[in-house]
Protein chains: 2
Amino acid sequence: MSASKRDELVRKALKAFYRDGFGATGMDKLVAETGVSKTSMYKHFRTKDDLILAVLRLRDENFRNWLTRRIEELAKSPRKRLLAMFDALDEWFAEENYRSCMFIKASSEYQDPKNPIHAASAEHKRMLTSYIEKIATLADAKNPALLARQLMLLKEGAIVTAHLQGRTGVADDAKQAAKILLDHAIPTTQSRRIT
Amino acid sequence: MSASKRDELVRKALKAFYRDGFGATGMDKLVAETGVSKTSMYKHFRTKDDLILAVLRLRDENFRNWLTRRIEELAKSPRKRLLAMFDALDEWFAEENYRSCMFIKASSEYQDPKNPIHAASAEHKRMLTSYIEKIATLADAKNPALLARQLMLLKEGAIVTAHLQGRTGVADDAKQAAKILLDHAIPTTQSRRIT
DNA sequence: CATGAGATTTACCGATCGGTTCATCTGCGT
DNA sequence: ACGCAGATGAACCGATCGGTAAATCTCATG
């Protein structure tokens, strides 16, 4: 019970933090929103930062599970999967309450790289990059690590642009760019030849 | 005097906000850091948000001036200038106190698109994109608007990644990707032919 | 039913938040 | 020297911040 209660608190805190930001969401608001008392909250989490770290762990798990699942549903070949990432992003951006990436926002509010919250955010990005690199390797990219980093640049750029400009089609801009990068990074199999 | 005093306040506030973030920098800290009294501060700026907007206006001016100047110093042809943007970014990322993009951070803390702070940040990005599009047009890109948006995606991605991962070489990853995009978007003149 | 351990509630802590009130100080025209 | 306006300083406002102490409730076991 205690564990699942904790999980429920983390889930609700995730919602609130994602919606309103970390600094702007006080413990009192969290307590009011979860129904639990402040003392109970502080029995589960020693400090607010501890709660935030737990939230980021859940977000990391949720997001990476979702993205990998969606990528693998949308396409089968490694090459197509690299592109499918941007279709998945497009679905995410279209969500009613899309509010950018929780880890980018966390690193904006906790800027010191030594801060555990910042470090956890960096680790999330590292794990995602490593996943993309694995696919890039399967796709026979000449330099899978470089390709993965570049696709990630497009992804991060699309994430902040979709939030800042609100414009639709951001993911598609990124996807078209990714296609061009792929054609160059992968000794082409069936990909259309240039000019 | 009054105007330059105001400017000095904005300059010092910019430093503090960039270093510590908007929410984490209270008016008391600002007052202590600028030496001015709280009453004077609130005579120049009706609210904290007004001060932040003034800071963002200054930042927009400073940053766009710096970037365009640096781009035009580093390269002469439009095509090379599009690439030179990433060399300029590299210089920025290497600065000791580099802490990501002020506008991305502002939009992280003020998420509502209707919020003037968020809107001002979006406007900054729009103006930068328009500047890049102008160069892309001069470079005879087939679709200058699309190319500009894609280069901006690489730029935004590089900005957040440089802050989050701290890794060096981020700007170069982006530049290499940009080169490939350029080769595709511009009916090649002297650019190396593919394979 | 008594009791003791754990969880929960209530009330509170000092610090800081954005912002204001009002008394004092400064400098300038007369 | 005087009076006055505008700038300044300090003290203060209620609200909220993250976090805690102590009283109260819950409930399984003897």
Side-chain angles (χ1 to χ4, degrees), chain A residues 1-57 102 105-106 108-112 114-118 120, chain B residues 1-56 105-106 108-112 114-118 120:
Chain A
M1 277 303 171
S2 175
S4 77
K5 183 67 171 183
R6 199 189 126 106
D7 290 352
E8 185 200 335
L9 291 178
V10 175
R11 251 181 287 122
K12 288 185 174 170
L14 168 50
K15 264 193 159 176
F17 281 136
Y18 185 67
R19 185 191 346 112
D20 300 327
F22 296 99
T25 305
M27 293 301 274
D28 291 300
K29 199 188 294 181
L30 256 0
V31 158
E33 211 154 316
T34 56
V36 83
S37 80
K38 213 165 178 181
T39 320
S40 306
M41 186 67 89
Y42 274 94
K43 206 202 289 287
H44 288 295
F45 311 98
R46 278 180 48 263
T47 64
K48 187 187 183 183
D49 281 10
D50 274 10
L51 171 57
I52 292 177
L53 285 171
V55 163
L56 290 184
R57 274 191 291 274
M102 189 149 213
K105 293 193 293 183
S108 290
E109 298 201 48
Y110 303 88
Q111 304 194 64
D112 184 351
K114 289 172 307 192
N115 185 310
I117 294 172
H118 189 107
Chain B
M1 274 306 170
S2 176
S4 76
K5 182 65 169 185
R6 200 188 124 107
D7 290 352
E8 184 199 334
L9 291 178
V10 175
R11 251 181 286 122
K12 287 185 175 169
L14 168 49
K15 263 193 160 175
F17 280 136
Y18 185 67
R19 185 189 348 111
D20 299 328
F22 297 98
T25 305
M27 292 303 272
D28 292 300
K29 201 190 294 181
L30 255 0
V31 158
E33 211 154 316
T34 57
V36 86
S37 80
K38 213 167 180 181
T39 320
S40 307
M41 185 68 89
Y42 274 94
K43 207 203 285 290
H44 287 294
F45 310 98
R46 277 181 48 261
T47 64
K48 186 186 183 183
D49 282 9
D50 274 9
L51 172 56
I52 292 177
L53 285 171
V55 163
L56 290 183
K105 293 193 293 183
S108 290
E109 298 201 48
Y110 303 87
Q111 304 194 63
D112 183 351
K114 288 170 309 191
N115 185 310
I117 295 173
H118 188 106

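Naming: A, B, ... by sequence-line order, numbering from 1 per chain.
Atom C1' of nucleotide D/dT8 and atom CG of B/L9 are separated by 13 Å, given to the nearest angstrom. Residue A/Y42 contributes atom OH, which lies 6 Å from atom P of D/dG18 at whole-angstrom precision. Atom CG in A/L30 sits roughly 10 Å away from atom P in D/dC17 (whole-Å rounding). For the pair B/R46 CZ and C/dG18 C1', the interatomic distance rounds to 13 Å; values are reported in whole Å. Distance, A/D50 CG to D/dG19 C1': 13 Å, rounded to whole Å. Rounded to an integer number of Å, the gap from CG of B/D49 to C1' of C/dC17 is 13 Å. Between A/H44 atom NE2 and C/dA7 atom P there is a gap of 8 Å when expressed in whole angstrom units. Protein atom CG of B/L51 is 10 Å distant from nucleotide atom P of C/dG18, rounded to whole Å.
With sequence neighbours left out, A/F17 forms a ring-ring contact (aromatic ring centres under 6.0 Å, His included) with A/F22. Here A/T39 pairs with A/S37 under the side-chain contact (heavy atoms from CB on, under 4.5 Å) rule; sequence neighbours left out. Remark: A/A120 engages A/L53, A/L56 in a side-chain contact (heavy atoms from CB on, under 4.5 Å) (not counting sequence neighbours). Not counting sequence neighbours, A/D112 has no partner by the salt bridge (Lys or Arg N to Asp or Glu O under 4.0 Å) test. A/K12 is linked by a salt bridge (Lys or Arg N to Asp or Glu O under 4.0 Å) to A/E8, counting only residues two or more places apart in sequence or in another chain. Residues forming a side-chain hydrogen bond (donor to acceptor under 3.5 Å, both in side chains) with B/E109 (at least two apart in sequence, or on another chain): none. Partners of A/D50 according to the side-chain hydrogen bond (donor to acceptor under 3.5 Å, both in side chains) rule, which considers only residues two or more places apart in sequence or in another chain, are A/R46. Not counting sequence neighbours, A/D49 has no partner by the salt bridge (Lys or Arg N to Asp or Glu O under 4.0 Å) test.
Listed by first and then second residue, the side-chain hydrogen bond (donor to acceptor under 3.5 Å, both in side chains) pairs involving residues 19-32 of chain B are B/R19-B/E33, B/D28-B/K38 (not counting sequence neighbours).
Near DNA chain D, meaning a heavy atom under 4.0 Å away, there are no residues from residues 17-27 of chain B.
Closest to the side chain of B/S40, from the set D/dT8, C/dG19, D/dG19, is D/dT8. Distance from the side chain of B/K43 is smallest to D/dA7 among C/dT20, D/dA7, D/dG19.
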Run the numbers on B/V36 and B/L30 for side chain to side chain contact (heavy atoms under 4.5 Å, CB included), then give the verdict. CA-CA 9 Å; B/V36 86; B/L30 255 0; over 6 Å; no

Would A/H44 and A/V10 count as a side chain to side chain contact (heavy atoms under 4.5 Å, CB included) here? Give the steps. CA-CA 10 Å; A/H44 288 295; A/V10 175; over 6 Å; no

So which protein N/O to nucleotides 10-12 of chain D N/O distances come out below 3.5 Å?
| from | atom 1 | to | atom 2 | distance (Å) |
| --- | --- | --- | --- | --- |
| D/dA10 | N6 | B/T39 | OG1 | 3.0 |

Show the distances under 3.5 angstrom between N or O atoms of the protein and N or O atoms of nucleotides 24-28 of chain D.
none

